Amino acid sequence: MSGVVVIGGGLGGLAAAVRLAAAGRQVTLVEATAEPGGCCGVARVGPYRFDAGPSVLTMPDVLADVFGAAGEELRDWVPLRRLDPAYRMVFEDGSRLDVRAAPEAMTEQVRTLCGPAEAARYARYRRLLGELFRVEWPAFIDADMTRLRALARPAALLRLAALGGFRRLDRLAARHLTDPRLIMAHTFQSLYVGLSPQRALGIYAVIAHMDTIGGVYFPERGGMHAIPLALASLLEKLGATTRYGVRAQEVLTDGDGVTGVLLEDGERLPARHVVVACDRLAARRMLPALAGDWRLRRPRHSPSCLVLHAGLGRVLPDQAHHTLHFGRAWRQTFTALEEGRPQPDPSLLVTCPRPDGEAAPPGHATLSVLEPAPNLRRTDWRRLRPRLEGRLLERLAQLGYGDLADAPRLVLDPPAWAARGHSAGTPFALDHRVTQTAWLRPSAVARRVPGLHFAGMYTAPGVGVPPVLISGRLAAARILEEHR
């Protein structure tokens, strides 16, 4: 029976490893850090625990399918609760919009904020988002872009064009909605794929569908890091070998393809298949020369972020899990990012999870604040970091979060992301411009090196928890098919 080595213990690597182990393959997972998680990691400051990556889960059925492949139920491993509101959006004029779980409640929120005519337009736009999602999901998100049959989807392409999927995202939203606040609420998600609403295609409106219609979820205990911990425990239950705190040095090959993996301590792990599920550019040092990909000759990275994690000596009972504070200069902020400059008046994503008894001492809470920021490509962060951190603390005080200057805190800037293994100092990998989307994103197979596969954000479908989990499933499916 052929063995498989999975390099990288993030969600993509874990998803691939669980599926392969559940199918009876001999699997060894190699992770350079001391615990699983990858981008879905954890940070600690004294008695406070923070999610150092994703702060919510969308499309939980994708995660449930990983556990289901091993005959397990997600709820038995990671109980989830649906957040309601999914987001609280606070606009520059002081008005706010809560994204509610029930369609009727959400429509009423829009009616209260924008009036009955806009609520009717929103209801129609909501149906459009659902139709975009139904077309895109099977054809482009849940499909293996390494297969020739995935290249020919004329019916899906024509339908997407008819729905406005190839318009710019801001124009698509403005064609159906008139209130600028509602347009911002349904286009800011383009930042998740590294683009402004003015540059992103309308196909990325499906992210708004996932957030505002599909629902936003969070583990009952342990934060988002509970997900990779549960997957790693399931992997061990399936009999796989997990190796933490050891780094892969080289993927070994011969004339027929992959033969194994050489670890930095000199140990050789024999394998006929290898899944590389870590930063694709950082991993080039360990790949054979024939594994090069022309799509990576001029990689275009997403902007990065400045994240402040702070421990609070009090709870915030009326605070939503996610609060998005929009800045005044909406368009100018994106122009600044594209030019490698800090945003003049950034929008802030504030995360305040409900206390679970483990993330903070009794009567305390955690607060995480994300500000979009340029990556390392054109910015001197040694000079910029103190100024932006000071500005961020001042802005939070103005927004009513209090003086956090003396609070226990951790700040992650692009140099810190680079130290954690993220190329260009961004945890969002390559952006999703047209030339880095679907078939044009770096391939998930090394065609000249049989047995070498890739998973994670650098391959299709791309960035985000559900796409990364899907990339792991696709890698496992190809390996199982080759074995058969």
Side-chain angles (χ1 to χ4, degrees), residues 11 39 53-63 82-83 85-89 97 99-101 106 122 125-143 160 163-177 182-218 224 302-303 305 321-322 324 326 330 334 337 347 349 351 370 372 426-434 436-438 441 457 460-471:
L11 294 178
C39 292
S55 53
V56 291
L57 174 70
T58 59
M59 305 299 295
D61 287 350
V62 176
L63 178 61
R82 184 167 183 171
L83 300 177
Y87 286 90
R88 173 166 294 154
M89 302 185 187
L97 174 69
V99 177
R100 308 310 302 240
M106 182 60 193
Y122 165 73
Y125 189 58
R126 185 183 176 100
R127 291 192 291 270
L128 173 68
L129 294 180
E131 182 63 19
L132 277 170
F133 179 80
R134 285 188 288 273
V135 175
E136 286 183 53
W137 183 263
F140 302 105
I141 301 174
D142 199 36
L160 283 178
L163 292 170
F166 300 116
R167 291 173 174 264
R168 296 301 176 183
L169 179 59
D170 63 332
R171 295 178 185 175
L172 174 65
R175 185 183 182 191
H176 297 273
L177 306 169
L182 205 57
I183 293 173
M184 286 192 289
H186 287 83
T187 58
F188 81 89
Q189 296 90 349
S190 66
L191 276 175
Y192 297 161
V193 295
L195 299 172
S196 70
Q198 294 78 40
R199 296 191 63 194
L201 291 179
I203 56 176
Y204 291 112
V206 297
I207 306 176
H209 176 277
M210 294 178 188
D211 283 354
T212 65
I213 300 174
V216 175
Y217 296 79
F218 194 70
M224 287 295 290
S302 291
C305 57
H321 182 98
H322 267 168
L324 184 60
F326 285 98
W330 178 244
F334 298 112
L337 277 185
S347 299
L349 178 63
T351 304
L370 184 150
T426 174
F428 304 116
L430 304 179
D431 68 33
H432 279 254
R433 65 187 65 203
V434 173
Q436 294 184 155
T437 296
R441 205 160 181 85
M457 295 186 292
V463 176
V465 174
V468 165
L469 292 170
I470 290 171
S471 75

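Keep in mind that the numbers below use all heavy atoms, side chains included, and drop hydrogens, waters and symmetry copies. These numbers come from a predicted model, not from an experiment.
- Interatomic distance, NE2 of His209 versus CZ of Arg126, reported as 8.0 Å (0.5 Å rounding).
- With a 4.5 Å cut-off on side-chain heavy atoms, Gln189 and Met210 do not count as touching.
- The number of heavy-atom neighbours closer than 6.0 Å to CZ of Arg175, taken from other residues, nucleotides and ligands shown, is 12 or below.
- Every residue two or more places apart in sequence or in another chain that forms a side-chain hydrogen bond (donor to acceptor under 3.5 Å, both in side chains) with Gln436 is listed here: Asp431.
- With sequence neighbours left out, His186 forms a ring-ring contact (aromatic ring centres under 6.0 Å, His included) with Tyr122, Tyr125.
- We find the CE-CG distance between Met457 and Leu430 to be 9.0 Å, quoted to the nearest 0.5 Å.
- Looking at heavy atoms from C-beta onward, Leu172 lies in side-chain contact with Leu128 at the 4.5 angstrom threshold.
- Between Leu97 and Ala185, the closest heavy-atom pair is CD2-CB, 4.2 Å.
- From Arg127, atom CZ reaches atom CD1 of Ile213 across 10.5 Å, with rounding to the nearest 0.5 Å.
- When every heavy atom of Val463 is checked against every heavy atom of Tyr192, the shortest pair comes out as CG1-O, 3.6 Å.
- Between the side chain of Glu131 and the backbone N or O of Leu129, no donor-acceptor pair lies under 3.5 Å.
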**Request:** Let me see the working for Met89 and Met184 under side chain to side chain contact (heavy atoms under 4.5 Å, CB included), right down to the final yes or no.
**Result:** CA-CA 10 Å; Met89 302 185 187; Met184 286 192 289; over 6 Å; no
**Request:** Step by step, work out the side chain to side chain contact (heavy atoms under 4.5 Å, CB included) result for Asp211 and Val99.
**Result:** CA-CA 9 Å; Asp211 283 354; Val99 177; over 6 Å; no
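- For the ring-ring contact (aromatic ring centres under 6.0 Å, His included) test, residues two or more places apart in sequence or in another chain that qualify with Tyr87 are Phe188, His322.
- Contacts of Arg168 classified as salt bridge (charged side-chain N to carboxylate O under 4.0 Å, His left out), with partners at least two apart in sequence or in another chain: none.
- Contact of the Leu337 side chain with the Ser196 side chain is not registered, since no non-hydrogen atoms from C-beta on lie closer than 4.5 Å.
- The two residues Leu370 and Cys305 come nearest to each other via the heavy atoms CG-CB, 3.8 Å.
- Looking at Met59 and Trp137, their side chains come closer than 4.5 Å, going by heavy atoms from C-beta outward.
- Ser302 and Gly194 get closest at one heavy-atom pair: OG-CA, 3.4 Å.
- For the pair Arg433 (side chain) and Leu195 (backbone), a donor-acceptor distance under 3.5 Å is absent.
- One distance of note links CZ of Phe326 with CG of Leu349; it measures 10.0 Å at 0.5 Å rounding.
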**Request:** Begin from the C-alpha positions of Leu132 and Leu160 and carry the test side chain to side chain contact (heavy atoms under 4.5 Å, CB included) through to its verdict.
**Result:** CA-CA 7 Å; Leu132 277 170; Leu160 283 178; 3.8 Å; yes
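- Between Ala174 and Ile183 the shortest heavy-atom distance is CA-CD1, 3.9 Å.
- Note: Leu169 CG to Ile207 CD1 = 8.5 Å, rounded to the nearest 0.5 Å.
- A distance of 4.5 Å separates CD1 of Ile470 from CG of Asp142, quoted to the nearest 0.5 Å.
- Evaluation of the side-chain contact (heavy atoms from CB on, under 4.5 Å) rule for His321 yields Val56, Leu83, Phe218, Thr351, Pro353 as partners, not counting sequence neighbours.
- Scanning all heavy atoms of the two residues, the minimum distance from Ser347 to Pro372 falls at O-CD, 3.4 Å.
- Checked against ring-ring contact (aromatic ring centres under 6.0 Å, His included), Tyr204 has the following partners two or more places apart in sequence or in another chain: His432.
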**Request:** In sequence, state the C-alpha distance, the side-chain angles, and the governing distance for Thr187 and Trp330, and then conclude on side chain to side chain contact (heavy atoms under 4.5 Å, CB included).
**Result:** CA-CA 11 Å; Thr187 58; Trp330 178 244; 3.9 Å; yes
